[in-house]
Amino acid sequence: MVKNLVEVRNLKKYFPVQKGFVETLLARKIDYIKAVDDISFNIRKGEVFGLAGESGSGKTTTGRLILRLTEPTEGKIFFNNTDISSLSPTEMRGFRKRMQIIFQDPYASLNPRMKIGDSIGHSLLIHKICDEDEKRKKVLNIMENVGLTPTNVLYGKYPHQLSGGQRQRAVIARALILQPDLIVADEPIAMADVSVRATLLKLMIDLKHEFNLTYLFITHDLATTKYICDRIAIMYLGKIFETGNIYDVYSNPKHPYTEALLSAVPIPDPKARRKHLIPGGEIPSPINPPPGCRFHPRCPHTMDICSKEEPELIDLGNNHLVACHLK
Amino acid sequence: MEKENNFFTNKLFGWLIKSAKWYGSEFYITVIGCIIILAIIIITVFAPFIAPNNPIKFVGETFSPPSSEFFMGTDNLGRDVFSRVIYGARVVLSIALLSSIFSAIVGVPLGLLSGFIGGKIDRILSLIMDSIYSFPGLILAIAMAALLGPGIINISIAIAFVYIPTYFRMSRGHTLSVKEELYIEAAKSLGAKSSTILINYIFPNVIQSIVVVFSLNIADAILTAAGLSFLGLGIPPPTPDWGMDLSQGKAFLPSGSWWIITFPGIMISLTTLGFSMIGEGLNEILNPRITER
Amino acid sequence: MNDTNKIILKIKDLEVLYATRMGLVKAVDKVDLELKRGQTLGLVGESGCGKSTLGFSILRLIPPPGRIIGGEIIFDSADLVKKTEKEMRNIRGKRISMIFQDPMTCLNPLMRIGDHIVETILTHEKKLNKKDAIKIAEDLVVKLGISKLRLDDYPHQFSGGMRQRAMISLALALNSDLIIADEPTTSLDVIVEAQILDLLKELRSSYKLTIILITHNMGVVSELVDRIAIMYAGKIVEIADCFPLFEKPLHPYTVGLLKSIPNISLEKQELEIMPGSPPDLINLPTGCRFHPRCKNVMKKCSLYEPPLKEVKENHLVRCWLY
């Protein structure tokens, strides 16, 4: 039996909608953006779990919820069997060592007034793990690991003096220095130059083996998830539509939305030019999602039941779950 | 020794030329501002060696126009205007510097805390600061000066009081925007405490705009200080003070003694200009409007 | 007049220079390019390789401090570089139009979508009255999949995909001879991106459009274009027709780029790593600009700049290997 590192149970996150003064007076109830609406999934120890979807699907919010960077409205998150959703901020601080995040924009996630080496090693001082001298040693070590060389020179540089790829390496190094168990990677390569992306992906895979990491890989790019992930969950308007291991989901997509997403991915090969199986319209507003199945207004196979009843996730075997009335 | 000297001057000039190329016109503005202020500071420090006469002694005839003996003439009591101008710089500069430091020491931390904590504390502090800000600066300074009485420290406090809201608003505004940056969230995810975030992540990013406000603020404080002493609320005579000399000299302008007020006036303008130039130039260099990447 | 296969745009030795605080940046360095009527050209490269600058320079819209310092842009047998600003204004929008990455920045937020189109038509077609223009606009947007009723909406009421459709309708309103699309789908989600690409494909055949598609995404170009120019550090390193280029890329940069992109249609894939990152345009490497990252680097590469050489028919490469 494989152990679960993270278990998410019925997680919800509603953001109240900011309104103008007059509207607040007139409206009886507050509207909510249902960014994440009742999702459950597990991340197994040592795997790369992909969370894919379009913008507005709630995938980034899910990642931030798991790290408790925002508070959940409802639901529980278990990290190594501890319910972290009910911990106090002080208790949580201890857990932060074990889970780290890599943001999409490395430039914005580094303090512009801090030298790279200090940025990477600051968490060692925060958690009082070691002193200044040992910090330097450890930072230089980890910089070597992520390929930020020459380490001695780059240690004293500021973020704006590095290239995009180097900055992302620095962010990865910062996430790794506390030797966490889980890394949430939120579109980690989206801002990198095309020719640098493969290098970063490979680096992440190598580091995973070296440091025994588990990744939650959040992205909109289904070609990348296919390359790096072991399992994947497809999100749409705050719901998980389909989840399973990469092979099952990609070779045998059961949800019409998954099918559409897969067919829309551009393939870098003109011989593969094809007619896309894409639905019309765009992702609707998460404030008032369609009733029943949230995808039904755009679905090519929509039936009567779809607009009335919300489908549950059904296990099709081999942990391949899908939420669709067709199955 | 000679060689080493050469080496340093070469290095200094090399740096100047490189920076000028890098930053363009803003750099020249800053350098000119620095030269003006540096000159005035040198004058202040070495006043006893530069000034030919004692500024509060009667050394010549009254109302003598500029001549080879009295470079800027003498005033109604027969004191040397040139010496008074030189000694006057001491008073003005110390008041301006002290008041700016006082208001920064109070305003910046309050702004940081207010912006960072937010909520009720922020609202109350902002309300207080806005009500201070809504008073015309000079009138508020007059009231404070009248309350506190004369003396360099008291005048500085009176002026500082006027400028606290400037620092407060500036640092609060920057804190609010820096607080939303991704690197703050990154620091939180590392497990940093609020105090660590405030000191290591927010403060260093806010302080650079404070430097700009600081030098512009000194320029403003000089004008307010001069205004106060012009109105008789400054340093008591006979201590040389540009504002006071201006106010006393204006009575003799109709009779043709232009030199008594012209030279202190020029010095006030020049000092203000110097600090303004440093401030504006630094603003362009530190916060370029077009960021090139 | 049947003028397919006629060369509509010919760029010769074009050089664009940005004078920045850090130094002089030659964003476009002696670029030669040809485009036939009805052809779709993909201009591919990473950020900072000069592809967007090249696109803007055709419209003479390079943001300061950039300017064209040499070369010719022959459009319909006239050199655009020599034209006055007034003459250019008549060309922009009417003869050559542009589609941008972020349509929100190009639409006036206080103007209705319909008014944008009508205004564009009226500025360039003085003979038409407002009624005709509205009619043309309505017909046009329906073809692009926007409901007539939505012409009265403001840009912020449109979704990203709809805005991009509106931008395309602006470009089509005057039947431009050339459309420059600068990363038209980059800010869109995958499904909407596919919708817009399908739309462009359809329009290309029905309107016989000539398009320059500027993008960093190899997947997007392979869907749409006839001919591809790969840019690296301000220079074109390879030009070829789409199929031969993907079949057998010649320049090591193109080869590496194609092997480093995850491809969803492949069962198992080993990504190839290209070391280093694109150079800083101020401190360019000597010789071939790609040599510090190249697998097949030779002694010659760091010394001399290779010429753009026709290796096969219609397939040009800038590399000492050939």
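Chain letters run A, B, ... following the sequence lines, proteins first and then strands; every chain starts at 1.
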Step-by-step salt bridge (Lys or Arg N to Asp or Glu O under 4.0 Å) determination, K202(A) to E270(C)
CA-CA 10 Å; K202(A) 277 220 157 170; E270(C) 259 317 301; 3.3 Å; yes

Under 3.5 Å, sequence neighbours excluded: what are the donor-acceptor pairs made by side chains of residues 183-196 of chain C?
unit_1  : atom_1 : unit_2  : atom_2 : d
E183(C) : OE1    : T186(C) : OG1    : 2.4
E183(C) : OE1    : H216(C) : ND1    : 3.1
E183(C) : OE2    : H216(C) : N      : 3.4
E183(C) : OE2    : H216(C) : ND1    : 3.2
T185(C) : OG1    : E193(C) : OE2    : 3.0
S187(C) : OG     : Q101(C) : O      : 3.1
D189(C) : OD1    : S55(A)  : N      : 3.1
D189(C) : OD1    : S55(A)  : OG     : 3.4
D189(C) : OD2    : S55(A)  : N      : 3.1
D189(C) : OD2    : S55(A)  : OG     : 2.6
Q195(C) : NE2    : P279(A) : O      : 2.7
Q195(C) : NE2    : G281(A) : O      : 3.0

Please report the shortest heavy-atom distance between I267(A) and S265(C), naming the atom on each side.
CG2-OG, 3.6 Å

Considering non-hydrogen atoms only, spot the tightest contact between K226(A) and L266(C) and give its length.
NZ-O, 2.9 Å

Only counting residues at least two apart or in another chain, list the ones meeting ring-ring contact (aromatic ring centres under 6.0 Å, His included) with Y215(A).
none

Please flag which part of L201(A) lies under 4.5 Å from any non-hydrogen atom of chain C: side chain, backbone, both or neither.
side chain

Lys/Arg-Asp/Glu bridge criterion (N-O < 4.0 Å) met for R197(A), E46(C)
no

Can you tell me which portion of L245(C) sits under 4.5 Å from chain A's heavy atoms? Options are side chain, backbone, both or neither.
neither

Does any heavy atom of chain A fall under 4.5 Å from the side chain of K201(C), the backbone, both, or neither of them?
side chain

Between L271(C) and A198(A), what is the shortest heavy-atom contact and its length?
CD1-CB, 4.1 Å

Residues of residues 240-248 of chain A with any heavy atom under 4.5 Å of a heavy atom in chain C
Y247(A)

Could you check whether any side-chain heavy atom of D269(A) comes within less than 4.5 Å of a side-chain heavy atom of S222(C), counting everything from C-beta outward?
no

If you look at every heavy atom in P278(C) and V196(A), which pair is closest and at what distance?
CD-CG2, 4.2 Å

If you look at every heavy atom in I264(C) and Y250(A), which pair is closest and at what distance?
CD1-CE2, 3.7 Å

Tell me the closest heavy-atom pair linking S195(A) and Y253(C), and the distance in Å.
CB-CE1, 4.5 Å

Close side-chain approach of P270(A) to E223(C), heavy-atom, < 4.5 Å:
no

If you count the non-hydrogen atoms of other residues, nucleotides and ligands that lie under 6.0 Å from NZ in K148(C), is the total more than 12?
no

Which residues satisfy the side chain to side chain contact (heavy atoms under 4.5 Å, CB included) test with A27(C), sequence neighbours excluded?
Y18(C), T53(C)

Is there side-chain contact between K271(A) and F243(C), with heavy atoms separated by less than 4.5 Å?
yes

Does any donor atom in the side chain of S277(C) or D193(A) lie under 3.5 Å from an acceptor atom in the other side chain?
no

